[in-house]
Each structure stands twice: as structure tokens, then as C-alpha cells.
Amino acid sequence: MQLVRGLHNLRPQHRGCVATIGNFDGVHRGHQAILKRLRERAAELCLPTCVVIFEPQPREFFTPDKAPARLARLRDKLELLAAEGVDRVLCLAFNRRLRELSASDFVQQVLVDGLGVKHLEVGDDFRFGCDRAGDFAFLQRAGQRDGFSVESAETIELDGERISSTRVREALASGDFALAERLLGRPYSIAGRVMHGQKLGRQLGAPTANVQLKRSRIPLQGVYLVSALIQEQRVPGVANIGMRPTVQGDGRAHLEVHLLDYAGDLYGQRISVAFHHKLREELRFSSLEDLKTAIDADIAAARAYWLGQPHP
Ligand SMILES: Cc1cc2nc3c(=O)[nH]c(=O)nc-3n(C[C@H](O)[C@H](O)[C@H](O)COP(=O)(O)O)c2cc1C
Ligand SMILES: Nc1ncnc2c1ncn2[C@@H]1O[C@H](COP(=O)(O)OP(=O)(O)OP(=O)(O)O)[C@@H](O)[C@H]1O
């Protein structure tokens with residue numbers, strides 16, 4: 001999959017494609033359905049598929065403090081889109097210039113002059129351009145004028161309700177990982193490189209892999225039953241996501257994973273941590289001894305859980 005950052009990096013050979021536009025945060029089953037349609041249309045027209053995304057996402061630009069925590073950072077989003085068979089991603093910087101672009105200028109500059117779009121696939125609620133003035137009817141008129149077809153994908157629902165990134169975030173916040181998995185079509189996971197920590201974990205009897213988060217806001221906080229994908233092997237464990245109030249934190253959220261019966265060296269490796277069940281909230285303990293007792297209980301709960309389950 002090819003990544004093109006910014007309109008100025010589009011070349012004549014990028015013209016002519018089947019495209020869709022959106023945030024695609026989490027690449028959930030609604031997104032997957034649109035991407036499937038995109039692949040089908042692309043095969044019919046013998047053209048590559050292109051997904052137009054924004055970085056930051058529009059809400060992060062408008063209200064950085066109120067925008068919801070991302071399900072996936074850009075790197076993970078690109079990996080998920082590649083796994084869906086997307087040929088090209090055009091990543092546009094969402095800034096003042098883009099925000100002020102009218103719907104017709106967006107169509108002209110991005111879709112017509114930039115991408116030479118032949119077919120556009122959008123969700124039924126899709127809106128774009130300054131003040132969200134562009135909608136499906138607008139795109140259809142533009143398509144008739146500029147020579148591209150537009151199709152509105154049917155809404156994908158689960159249990160009678162539309163699947164959305166917002167709904168995945170709500171499922172995670174309420175600890176409903178089974179629902180998150182049904183919305184995403186896979187368990188919710190966070191990937192990152194294992195970094196050196198304070199080396200306190202060993203002292204606590206639970207060595208932990210510190211997974212670099214590289215983002216300030218995470219849609220989860222607390223202690224979880226997890227499994228980590230390490231060189232294509234699933235290893236069960238327990239994880240804490242939070243500020244570690246008991247030890248001297250650095251004011252940033254950390255993801256720390258203790259893997260059951262695992263002794264390998266993970267430093268520098270990129271691992272993917274899948275979340276299966278919430279055990280408890282993160283707490284401030286009055287001593288390291290109390291924290292150790294709590295972590296021992298978390299590990300015992302994880303062992304009991306995995307005993308009753310098929311191996312992850
Ligand atoms: C299963 C688990 C549960 C944890 N729960 C808490 C907690 O409730 N409160 C807290 O302050 N830290 C908690 N921690 C984080 C520990 O403080 C942290 O792992 C320890 O300080 C080791 O840090 P280090 O790897 O940087 O040495 C937890 C860690 C694990 C693995
Ligand atoms: N459940 C769904 N069924 C069909 N199309 C969808 C569904 N969810 C999103 N889409 C479409 O996928 C494209 C990208 O969606 P986008 O990520 O912007 O929205 P979303 O998943 O609904 O997120 P949010 O909850 O943040 O609004 C848009 O065209 C959107 O209409």
C-alpha cells in the first residue's frame with residue numbers, strides 16, 4: 001500500500017482511481033463494508049483503490065481538548081487499511097486551509113484535479129467541505145459534471161444500531177470487550193514497541209513489558225486481561241493502562257503488560273496487545289507491598305480466566 005502525504009505529493013500516475021473519504025478510526029465493520037465495495041468497484045473498473053484520510057482528524061483540529069481518544073494512531077490505521085487491500089492512502093493535513101475549502105473546491109482540487117476519481121464510495125451520512133456543506137446529493141451533481149459516479153454504501157448495523165467509531169469507544173469505556181470485538185470484527189488491540197521502564201516490576205514480582213504509546217489519550221484506563229501477539233504467538237497476560245499513581249509517574253499514560261509464564265527478552269520488539277476483559281480500575285495504593293498484593297490477585301484472576309477458555 002502506498003502512502004501519499006498531501007496533495008502536493010500526488011503525481012500524474014496517481015490519477016484515475018476509485019476512492020472513499022473519512023476518518024476510518026479503528027477500521028470497524030462499517031468501514032470494512034465500504035472498503036469491500038471499494039475493492040469490488042475497483043476490480044470492475046480496473047483501477048486502484050484510494051482512501052482519503054485526515055491527520056489530525058477534523059474534531060481533533062476543531063476541539064483538541066474535547067475530541068475523543070483515538071482508537072488507533074496513524075501507523076495502526078495504515079496497517080489496518082493495508083490489511084483491507086487498499087492500494088493507496090492520501091493523507092491530508094487538516095489545517096485552516098483545508099477547513100476553509102468549500103465543498104466545490106474540495107471536489108475540484110482533491111477529487112478531480114488531484115486524484116482523477118472515476119468512482120466515489122461514501123457512507124449515507126457523509127458530509128464534507130467548509131461547514132459540512134457537501135453531501136451525497138452535492139457529490140452526485142459534481143460527479144455528473146466532472147465524470148465520476150457516486151454510490152452511497154448501505155449502513156452496517158449490529159443489533160439494530162449503526163456501527164461507528166463512537167460506539168466502539170463507548171463499548172471500550174464500559175468494559176464491554178465482547179461488543180467491541182463484534183463491532184471491530186477482531187479484538188481491540190494496541191500495538192507498540194517495548195521500552196525500558198523503571199525496573200520496579202521485577203521487584204514487585206511481576207516483570208512488565210512497557211509498551212510505548214506515543215499518544216497522550218487512550219480510550220482505556222484500568223487493569224485488563226490481555227493477550228499479546230509476539231512473533232505470531234498469542235501469550236496471555238495482565239495489563240495496566242494508566243498513570244501509575246502508586247509509583248512516581250511521569251504524568252503520561254503507560255501500557256504495562258505482565259505475560260504469564262513468559263521469560264523472553266522483548267526490549268525493542270513491537271508487540272500487539274489484545275484486550276479481553278476489564279479486571280478493575282487503576283488504584284493508588286499506600287505502599288508497594290499493597291500494590292504487589294493487588295497485582296498477585298490480578299495474575300491469579302488471569303490464570304483462572306485462561307483456564308476456563310480456549311488458549312487465546
Ligand atoms: C497487572 C498490573 C496492575 C497494576 N495496577 C496498578 C495500580 O492499580 N496502581 C498503580 O499505581 N500501578 C499499577 N500497576 C503499575 C505498576 O506500578 C508498575 O507496573 C510498576 O511500577 C513497574 O513499573 P516499571 O515497569 O516501570 O518498573 C500495575 C501493573 C500491572 C502489571
Ligand atoms: N456502519 C457504517 N455503515 C456504512 N458506512 C459507514 C458506517 N460507519 C461509517 N461509515 C462510512 O465510512 C466512512 C468513514 O467513516 P468515519 O470514520 O468518518 O465515521 P464513523 O465510523 O461513523 O465515526 P464516528 O463515530 O467518529 O462518526 C464514511 O463514508 C462513513 O459514512
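Both ligands and their constituent atoms are indexed starting at 1 by order of listing. Heavy-atom basis, side chains included; hydrogens, waters and symmetry copies ignored.
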Least distance between heavy atoms, A239 atom then V226 atom: CB-CG1, 3.7 Å
Taking 4.0 Å as the limit for heavy-atom contacts, which would you say applies to I34 with ligand 2: side chain only, backbone only, both, or neither? side chain
Decide whether an N or O pair under 3.5 Å exists between F126 and ligand 2. no
Just one of R59, R73, R169 clears the side-chain hydrogen bond (donor to acceptor under 3.5 Å, both in side chains) bar with D25, so which one? R169
Atom indices of ligand 2 within 4.0 angstrom of T155 heavy atoms, with elements: 3 (N), 4 (C)
Is it true that F136 and F138 have ring centroids separated by less than 6.0 Å? no
Can you tell me if H28 contacts ligand 2 (heavy atom of the residue under 4.0 Å from the ligand)? yes
By number and element, which atoms of ligand 2 are closer than 4.0 Å to a non-hydrogen atom of F24? 13 (C), 14 (C), 17 (O)
Sub-4.0 Å heavy-atom approach of I21 to ligand 2: yes
Selection from T20, T166, D25, I156 by shortest heavy-atom distance to atom 26 (O) of ligand 2: T166
Polar contacts were defined as any N/O atom of the residue lying under 3.5 Å from an N/O atom of the ligand; does this apply to G22 and ligand 2? no
Using distance alone, determine whether S165 and ligand 2 share an N or O pair under 3.5 Å. yes
What protein heavy atom lies closest to atom 16 (P) of ligand 2? Include the residue and the distance to one decimal. H31 NE2, 3.6 Å
I need the atoms of ligand 2 closer than 4.0 Å to a non-hydrogen atom of D125, numbered in the order shown. 30 (C), 31 (O)
Which class fits the ring pair F177 and F275: parallel under 30°, tilted 30 to 60°, perpendicular over 60°? parallel
Do Q140 and F148 touch side chain to side chain, with heavy atoms closer than 4.5 Å? no
Would you say ligand 2 has an N or O under 3.5 Å from any N or O of G123? yes
Rounded at 0.5 Å granularity, tell me how far OG in S164 sits from CG in L183. 8.0 Å
In order of chain and number, which residues sit within 4.0 Å of ligand 1 by heavy atom? G197, Q198, K199, L200, G201, L204, T208, N210, V223, V238, N240, R244, P245, T246, V247, E256, R280, E282, L283, F285, L291, I295, D298
For ligand 2, which atoms, with element, lie under 4.0 Å from some heavy atom of E154? 3 (N), 4 (C)
Can you name the atoms of ligand 2, numbered from 1 with element, that are less than 4.0 Å from a heavy atom of N23? 16 (P), 17 (O), 18 (O)
Ligand 2 to I163, heavy atom cutoff 4.0 Å, flagged ligand atoms 1 (N), 2 (C), 7 (C), 8 (N)
Check: L259 and P207 side chains under 4.5 Å, non-hydrogen atoms: no
Can you pull out the closest protein heavy atom to atom 6 (C) of ligand 2? Residue, atom name and distance to 0.1 Å, please. R162 NH2, 3.5 Å
Charged N-O contact under 4.0 Å between D125 and R162: yes
Taking only non-hydrogen atoms of R167, do any sit less than 4.0 angstrom from ligand 2? no
Does the side chain of D159 come within less than 4.5 Å of R182's, by heavy atoms? yes
Note the single closest protein heavy atom to atom 22 (O) of ligand 2, along with its residue, its atom name and the distance in Å. S164 CB, 3.7 Å
Do the non-hydrogen side-chain atoms of L291 and L283 ever get within less than 4.5 Å of each other? no
E151 with R37: basic N within carboxylate O range, under 4.0 Å: yes
Taking the inter-plane angle between the rings of H196 and Y267 on a 0 to 90° scale, is it parallel (under 30°), tilted (30 to 60°) or perpendicular (over 60°)? parallel
Sorted by chain and number, sequence neighbours left out, side-chain hydrogen bond (donor to acceptor under 3.5 Å, both in side chains) with T63 holds for none
Count the heavy atoms of every other residue, nucleotide or ligand shown that sit under 6.0 Å from CD of E232, and state whether that count exceeds 12. no
